[in-house]
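Below: one structure, written as C-alpha cells.
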2 protein chains.
Amino acid sequence: MADIARLAGVSVATVSRALAGSTLVNAATRERVAELARSLNYTVNVAAKNLRLRQNRTVSVVVPFDADLRQPLSDPFFLSLIGNLADALTDRGHEMLLSRVDANRLDLAAQGVEAGRAAGLILVGQWRHHDQLNALAVRGLPLAVWGAALPGQAYATVGSDNVQGGRLATSHLWQQGARRIAFFGDWQLPEVGQRHQGYLQALEAVNARPAAKLMLPVPFVNSAIEAAVENLVASGTRFDAVFAASDLMAMTVISTLRRLGRQVPQDVLVAGYDDIPLAEHFHPPLSTVRQPLGEAGPALVAEVLAQIGGARPSSRVLPTTFHARESSQRA
Amino acid sequence: MADIARLAGVSVATVSRALAGSTLVNAATRERVAELARSLNYTVNVAAKNLRLRQNRTVSVVVPFDADLRQPLSDPFFLSLIGNLADALTDRGHEMLLSRVDANRLDLAAQGVEAGRAAGLILVGQWRHHDQLNALAVRGLPLAVWGAALPGQAYATVGSDNVQGGRLATSHLWQQGARRIAFFGDWQLPEVGQRHQGYLQALEAVNARPAAKLMLPVPFVNSAIEAAVENLVASGTRFDAVFAASDLMAMTVISTLRRLGRQVPQDVLVAGYDDIPLAEHFHPPLSTVRQPLGEAGPALVAEVLAQIGGARPSSRVLPTTFHARESSQRA
DNA sequence: CTGAAAGCGCTAACAC
DNA sequence: GTGTTAGCGCTTTCAG
C-alpha cells in the first residue's frame, strides 16, 4: 500500500480510503489509485485490515471425528452439508475455516475462535458430547451445532425433526404390512436416539410393542453393520423390515441382506434416513426420510452470525418428509 | 496479552516469550504466565502473530463450480478429497480455508492468497481452464491442482493416471466379451479426455475401432446422463458395455438402464471410475478404477507446501488399479 | 478533499 | 532474564 501511495503521489491514508471506495476522496484520485492497484495486482491485506478493525469475517467449521475409528470423513450427508455451508458462508460474505478434531477433545474446536482466527463456530455433528458443547456455549462462544435439540442445552442446534422422521418411516413400513420392524442405529447418539424415539412412538400408535431383539445399536461403521445383519439373520430372529438410521447404513444393510440371500423389498422392506442423492439411483431405489439439506447450511450460518451479532442462542428444528420408493414397497 | 503482563507483573515481551516457550525466560515466570493464560482462557491471536512474523500457516482450498448449473457440490469423490485435504493439512500443522468459486472466474481463486489470508492454493478440479491456471502459476502463486497432467503446463497437478485407468477398464470389458463398448463422459475435460484416450488405446490394442455413436460427451449432470442413456437405447444403437467417466455416472447409467428394461450385467456390462465407498455396496457391485484417494490429499498438500518453501512446481501422477466386481462380469 | 499520527495484538532486535 | 522500542499492513480520528 505504501508503494501505491508513493507511485500515486498521495499518502497511504488516501490510498486506503480510495480502495475502500470512500466518497471522501476525489474521484480522479480514486480512479488513479484503483488503476495502480489493479496493474500491480495488489489486494488489501485482509489480516491486517481485520486486526485494525477488530473484526473478523471468518467462521470456523469443525467436523468432530471419532478417535477410536479415525474414519476418514465419508458420509455423503455430512460431506454435502459442508459444501452447503461453504456456499451459505460465501453468500453472506464470510470465509470458512475447515478442520477436524477428535470428538473427545471438543474444547479444541473452539481454538479457531479463541485464537482470533474466526468469529464463530459451526460444529457438524454432535456425537455424545452434550456437556462439552454446553461448556463451550457458556463461555459465550458463538456456536451452532448440527444435531438434535436436547433438553437443558445452552448451545444452539439446527437439525431435522428426528422424532418425526423416525415416526414417518416406521409407520410407513407398518402400513406396508411389516410387523416385525428392526431398528438399526446407535441410539446413544442424540440424533439417532430421537429417530429411535419416533420408531417407538409409531409402534406404540398401533399398539405394537417392539421386540428388544429387533433393536440393534449399530455404529456407523460398515463392518459393524454387516456383522449386525449377519447376526440377526443367523440368530433366526424373524424380521420383515429394517429402519436404518442413515441411508449409507440402509444401503449396506440391503447389500448384506442380498449377499445372504434375502431380497429387498420382496423378503424385507428397508427405509433409510437422509435422502442422499444416490438414494433414488440405488437398487432398489431407497425409501428414506429427507433432511432438508438446502436449508441446513443457511440456517446454521444465520444462527452463528446472529450470535456473533449479539443474539442469544436459538435452536431450530427443520421438518422432515418421507419419500417412499421401491425398497419399502412390495411389488 | 497486556492484561496478563499486568497481572503477572512483567512486560508483554516476557509474556510473549513465555507463551512461546522460550528458554530465555525464567522457568518460574514462564509457569506463572502459562497458568494465568490458562485461567483467563487466553490464546495468542494468530492473526496478529502472523502479521508480525510475515508468515502464514493457512492454505486456501477452492472448489470451482460450473456457473451454468450451479450444482451443489455433490460428487462423493471430490467431497472425500476435501475431507482428506483437511486431514493432511491438519497433520502438517496448517489450516484450511475452503471456498467455491465460479469456474469462469478462476482468477478469484487466487484472492485468498493475494489478500494474505493464505500462503498457497489447492484447486480441486481443473475443468477446462488450463490457461487461466497457467496464468496463476506464472504469477508465482504456490498452486497445486487436482487434475490431469497436460502438455505445456506451468502449474503443478496431482492426479491419477487417467489414461491407464481408462485402458484398464476398457480392456477388462473387452476381455469379458463386450464388443461394443460405449464411453460416457465429456472428454473436453482434461481428466475425462485422458480416460477417453485410454479407452481408445485399449480398443486399438485389440484392433477394434470405436464407433462414433458409442462415444457420448455427457456432462456430470444426472438429467443429462439419463437422457443420454435413453437416447442411446431409443436410437437402436447396439451396445453391450458402458465405461463411465465416474462412479456416480455409472450408477445413474445402471439405474436408467434398469428402468428401460436392460439388466446389468446380463444385458450390458458397466464399469465406472473413482471407486467411491458406495461402489462395492451398489447393486450390482460396481467394477471401477480406483483413484488412490488416501495419497491424493497428502500429495497435494506436500506440493503446495514445497512451493511455498520455494520449490518449483512439480506434478505427480498416482497409479490407478482396476477393481472388477459384478457389474462388469456375466454370471 | 488530504495528510499526520496513533494503534489493532503481537514478536524480535537491542539494550540493560 | 527482562524491559524498551520499533514495526508487521492497515484504518481512522483529528487537523488542516
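Here is how names work: the chains are called A, B, and so on, in the same order as the sequence lines, proteins then strands, and each is numbered from 1.
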Item checked: Nucleotide-resolved protein contact map, nucleotides 7-16 of chain C, B/S/- at heavy-atom distance under 4.0 Å -> BBBBBBB---
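Side chain of A:H129 to main chain of A:L106: no donor-acceptor pair is present (N/O by atom type, distance under 3.5 Å, no hydrogens or angles). For B:S22 (side chain) and B:A18 (main-chain N/O), no donor-acceptor pair under 3.5 Å exists by modelled atom type. A donor-acceptor pair under 3.5 Å links the side-chain atoms of A:N134 to the main chain of A:G152, judged by distance alone. Side-chain atoms of B:D66 do not come within 3.5 Å of backbone N or O of B:A103 as any donor-acceptor pair. Using a distance-only test at 3.5 Å, with no hydrogens or angles considered, no donor-acceptor pair links the side chain of A:Q291 to the main chain of A:L293.
Taking a 4.0 Å limit (strictly below) on heavy-atom distances, residues 25-37 of chain B reaches DNA chain D at B:V25, B:N26, B:T29.
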Note to self: What verdict does the salt bridge (charged side-chain N to carboxylate O under 4.0 Å, His left out) test give for A:E35 and A:R38, after you've listed the backbone C-alpha separation in whole Å, the side-chain angles of each residue and the deciding distance to 0.1 Å?
What the structure shows: CA-CA 5 Å; A:E35 183 52 48; A:R38 212 170 303 130; 2.9 Å; yes
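When the side-chain contact (heavy atoms from CB on, under 4.5 Å) test is applied to B:V113, the partners found at least two apart in sequence or on another chain are B:A118, B:L121, B:L141. Under the side-chain contact (heavy atoms from CB on, under 4.5 Å) criterion, A:R128 pairs with A:D186, A:Q188, A:L189, sequence neighbours left out.
For DNA chain D, the contact window with chain B, defined by any atom under 4.0 Å from a protein heavy atom, covers D:dG1 to D:dG9 in 5' to 3' order.
Within the model, atoms OG1 of B:T157 and CG of B:L300 stand 9.5 Å from one another, a figure rounded to the nearest 0.5 Å. Within the model, atoms CG of A:N26 and OG1 of A:T14 stand 10.0 Å from one another, a figure rounded to the nearest 0.5 Å.
Of the charged side-chain nitrogens involved, none lies within less than 4.0 Å of a carboxylate oxygen, so that B:R57 and B:E95 do not count as a salt-bridged pair.
An angle of 40°, rounded to 10°, separates the two end axes of the helix from C:dC1-D:dG16 to C:dC16-D:dG1, each defined over five pairs.
Inter-residue side-chain proximity for A:Y42 and A:L19 is flagged as met; some heavy-atom pair is nearer than 4.5 Å.
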